[in-house]
Structures are given as C-alpha cells and as structure tokens.
Asks: 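Below is a structure I'd like to ask you about.
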Protein chains: 2
Amino acid sequence: MNKGVGILEPRSSIRSVVGYDARMTAVTAPSGRKVPRGRIDKRQAILDAAFTVFARRGYGQSCVQEIANEAGVAKPTVYNHLTDKETLFRHAIEAAADAVMAENLAVVERLREPGDDLRAALEDMAYRMLQVCCGERSRALRRLTYAQAADFPDLIETVQGRTAIRLGEALADRLARLSLSGRLRPGDPAQAAEQLLALLTGPMEMRSRLGTRKVSTAETRTVARAAVDTFLRAYEAAAPGRP
Amino acid sequence: MNKGVGILEPRSSIRSVVGYDARMTAVTAPSGRKVPRGRIDKRQAILDAAFTVFARRGYGQSCVQEIANEAGVAKPTVYNHLTDKETLFRHAIEAAADAVMAENLAVVERLREPGDDLRAALEDMAYRMLQVCCGERSRALRRLTYAQAADFPDLIETVQGRTAIRLGEALADRLARLSLSGRLRPGDPAQAAEQLLALLTGPMEMRSRLGTRKVSTAETRTVARAAVDTFLRAYEAAAPGRP
DNA sequence: ATTAATTTGAACTCACGAGTTCACCAACGG
DNA sequence: CCGTTGGTGAACTCGTGAGTTCAAATTAAT
C-alpha cells in the first residue's frame, strides 16, 4: 500500500546546523548527569515543554509538533519517549502536581516552629501559600485538571490525592499539635485545616477571576489576614494567657 | 472551482419520514406556544442541546453535528440561528449562568425572614445552596468556564459577574441587615459573605473531587453545619440575649 | 575507527470536524 | 391555491492534527 513512502531524496544537511543548537543547550543545562544511557535525558525536556504548551493552549488545542518545538526536539523523538498525546499529558500533569505540592508542603512545614505569635505565624504561612497557589504552574495545573475532568476522571483523583488532600493532611497535622499545646481549641483538626484552606483559596480564586486577573500583593495580604482572623476567632483557644 | 457540487441527483424522499419526527416532537412537547412566529423556537432547543453536549464532552471535543442531533434539528439550522460554534458556546453558557444564578438568588432570599433561630436559618440556606452548586448544570458550568478561561477570557468575566459576584452581593445584603439588627457583629458584610461562601464551596469541592464524585446528603449536611458553625463563631454578635 | 542506538526532518496516511451548498419540502399567510 | 419562509438531509470543501515511515545524520561506547 505504501508506494510513495520513500520519496526522500538525499537532501543537503543544512537542517542539522540549527536543529542541534537546541539539543546542545539541553545537554549543557542539567549539569553532569550520571545516566550513561545513549543520549541525554530528552525525556525531561519533553515533559517540561509539554506542560508549558498544555498550560498555554489547553489539552485539545495543543499539538504535539508545538511541544516538540518547545522542547527543541523532533516530533518522532517525542513519540519515542512518550507513546501518546494522552500519556504525554498524564506524565506532564503528574510531574507538575508533585512540584507544586513540594512548594506547598515546604510552606506548611514552617508551622512546626510557630514562635510565640501564633497569629503572625499563621498569617505568614497563609500569605506564602497564596503566593504558591497563584503561581503560574499552580494555576495552570488547576485549570488543566478541571478542564479534563470529564475525559480523564482518574487523573483528577491522582492529582487531588497528590496535592489538595496531602496538603490538607499536612496542615491538619500542624493544627493538631497546636491544639495539643493549648494554643488552639480542641476539635477536629482535619476540619479546621479544610476550612482554613477554604478561607484562603476561595476568596483568592474569586478575586483573581479563576486566575485570569492579577491580584496585587496588598490584596493578597488582605485576604490572608482576613482568613486567619476569621479562623482564629473560630478556633483559638478559649482564654488566652492574660484577659 | 466547484465542479462536483451539484451532484445531488433527486433521491427518493425517504429521509423526510424520519427526519421530521424530531421536529414534530419538538412541536408537541412544549405544550401550547403563543409565539406565532414562522416555526417553533428551535433556537431555544438548540441552546439547551448545546449546553448539554458541551457539558458532556467539553468544548473542543463537541461537534456541531452532535448538538444538532441532540436538538432534533439539522446542522444547517444550527448555523442558521447561531453563526459560529463559538457563538453557540457563549450563548449556551450565558443562558446556563442565568439559570444557575436564579436558583442561587432564590435560596439567599430566604434569609429575608430568618425567624428567631439564626443558626437554623443559615444552615438551611447553606444546605440548599450546596445542593444547587452540586447540581449537574452548576458543575458543568464551572467546569466549562474554567476549561475555556484561556480561550475566552471575557466570557469568564461575564459568567463570574452574573453568578459568583452577584451571589456574593446578594448574600452581603442579607448579612448587612443581620448586623444592623444586632444579630451579627458589625463589620464588612462583603467579607463575611465571601468567607461564608468559601466555607461552603471549598470543602464541598474538595469532597466531590471537583464534581467527579457524588457527595451523600448526610455529608452535605455536615459541610453546611460545619461552615455555619465556624461562621457564627467568627461573626455572631458578642453577647446574645441571654447569657 | 567501527558499531549500535538515537535523533532528525520531511513527507506521508488517516480521521475528523467546521462550515457551506443545494435540491427539495412542509407549513403558513394571504 | 400559491408563493414565501424556514427547515432538511446529504454531500461537499478545506484545514488541521495525531501518529508513522524512512533515509540520512549524529553521537556514545567500544
């Protein structure tokens, strides 16, 4: 059936000149890899590029060619590493989810040493968390998973499990300790965490118009302060040190 | 250039038999229309069908043919009423937004006569609102706008303006009255409304996994109760009637 | 240097969907 | 009864993008 397949008369090798620039940068950038496998890890470059492009255009409107260009790689190479467009999407999303999660967890961990001004510590954490959640990667991740919820319902489960749920658990851990040490009133720490997160992300999502509008630093601070204020009114231990 | 255009040799008119059934049902279904205009309002049927299909498949994956089928109408008829696929989308979304909003406003209005048990009134409103927000239409609307935020940024503005923002304002109105009558502590009613809504939708969105999992009635009630509880702890007037 | 694994560009297949055209037709208004 | 109006199915154009193929080029390891 393939009669006109091999119509590739030997072309001049002009292409190689520019085409390999990109690869070279990919080589030098990630410093010294120990992996002795054939070439350098194009795979990572492809995944990064994939997320970038998906974030820019959405899943349906992204074409593999553009991802290849973004990665400085030929299209067949993409298919060589990741079989499908779908596979590409899943791996890119999961990688992004892990990255976002790491940032968030780092922020929550700061509550381990709250200092003696609990309100200040919470406000600090709140503000930093809002910064992460409004970052480009985080917003794109949310948008993409939301958008493809219908097509890849299992993916949403994975992403939620690696981000929102783990974040809630981590925060619940910190709040539980604070209850135990008498700085928050006793109660369900999971619920407290859930509600504090809601008080942060809800108003933020509202003001950023689902991420389409930039929110000023001052406004972000206001949201963080308001959230913590309401949270403490509801959850602070009954009688502080001095009345 | 069109040489093979008119290759429609007069076929037998078999098609008309089944093809017109759909139109007929469309005629008889909506009972007695008073509109004397040419035919029946196919337009509305098309918009309804469009939202149904978009909700089912997402924007990119929906094809106009399927919308036409869903509406019981021919494809050219669709293009006759709505010029574009994009136009189709916008009108369908806006119609859905208005419908969802009407439901939500009706719920908030119930706070006009709160009765003497404020907590019960708030819980009732909260529960009803969660039911609306978890309804198929509401979830689909959220998913679609979120997904297409990049392609139609102005649409998101419109939808938010007609739903979330108006809802916040309406709720703020009610809360302001409650402050004025001394049942809530004085303060910014807009912020109170924003936070109450966040306390409701945030945890709900979490538990429903962005709408991919069904949330039981009991769990919904729990979320509503928890939200109102926290809200009242933070916003109830300092000293109630009897200590 | 030779070899084996990869990468590359370009051209190709294939499927699908937006939007259009056209000949025909059912109902309505006059 | 007849023309107008809006609707209809089917076939068409046209663009786009997923995934594949292949010869040639490039590189890592031996």
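Here is the naming used below: chain letters follow the sequence lines, and residue numbers restart at 1 for every chain. FYI, side chains are in, hydrogens and waters are out, and symmetry mates aren't considered; it's all heavy atoms of this structure.
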Asks: Taking CD1 from A:I46 and C1' from C:dT7, how many angstroms apart are they, rounded to a whole number?
Replies: 10 Å

Asks: Roughly how many Å is it from CG in A:L82 to C1' in C:dT6, rounded to a whole number?
Replies: 16 Å

Asks: It should be established whether B:T77 places a side-chain nitrogen or oxygen under 4.0 Å from OP1 or OP2 of nucleotide D:dG7.
Replies: no

Asks: Can you tell me how far P of C:dA18 sits from CG of B:N69, to the nearest Å?
Replies: 12 Å

Asks: Does the distance from a Lys or Arg side-chain N to an Asp or Glu carboxylate O, for A:R43 and A:D48, drop under 4.0 Å?
Replies: no

Asks: Report yes if at least one side-chain N or O of B:N80 is closer than 4.0 Å to OP1 or OP2 of D:dG6; otherwise report no.
Replies: no

Asks: Can you see if the side chain of B:K42 gets near the phosphate of D:dT8 - specifically, an N or O under 4.0 Å from OP1 or OP2?
Replies: yes

Asks: Please give, in whole Å, the distance from C:dC12 C1' to A:Y79 OH?
Replies: 14 Å

Asks: Quickly work out the A:K85 NZ to D:dT20 P distance and round it to whole Å.
Replies: 15 Å

Asks: Using a cut-off of less than 4.0 Å, is there contact between a side-chain N or O of A:H81 and OP1 or OP2 of C:dT7?
Replies: yes

Asks: Side chain of B:D84, heavy atoms from C-beta onward: which of C:dG19, D:dG17, C:dG9 has the nearest atom to it?
Replies: C:dG19

Asks: Could you check how far CD of A:Q65 sits from C1' of C:dT8, rounded to whole Å?
Replies: 11 Å

Asks: Mind checking if B:T83 touches a base, just sugar-phosphate, or nothing, with heavy atoms under 4.0 Å?
Replies: nothing

Asks: What is the distance from CD of A:E66 to C1' of D:dA18, rounded to the nearest Å?
Replies: 15 Å

Asks: Quick check: on DNA chain C, is the nucleotide nearest B:S62 upstream (toward 5') of the one nearest A:P76, or the reverse? Name the residue that is more 5'.
Replies: A:P76

Asks: Using 4.0 Å as the upper bound for N to carboxylate O, is an ion pair formed by B:R90 and B:E94?
Replies: no

Asks: So does B:K75 reach the base of D:dG9 with its side chain, donor to acceptor, closer than 3.5 Å?
Replies: no

Asks: How far does CE of B:M101 sit from CZ of B:R166, to the nearest 0.5 angstrom?
Replies: 5.0 Å

Asks: Looking at B:M129, B:M204, B:E205, which one forms a side chain to side chain contact (heavy atoms under 4.5 Å, CB included) with B:C134?
Replies: B:M204

Asks: Roughly, in whole Å, what's the span from CD1 in B:I67 to P in C:dG17?
Replies: 12 Å

Asks: Do B:R128 and B:E103 sit within salt-bridge range, that is, some charged N less than 4.0 Å from a carboxylate O?
Replies: no

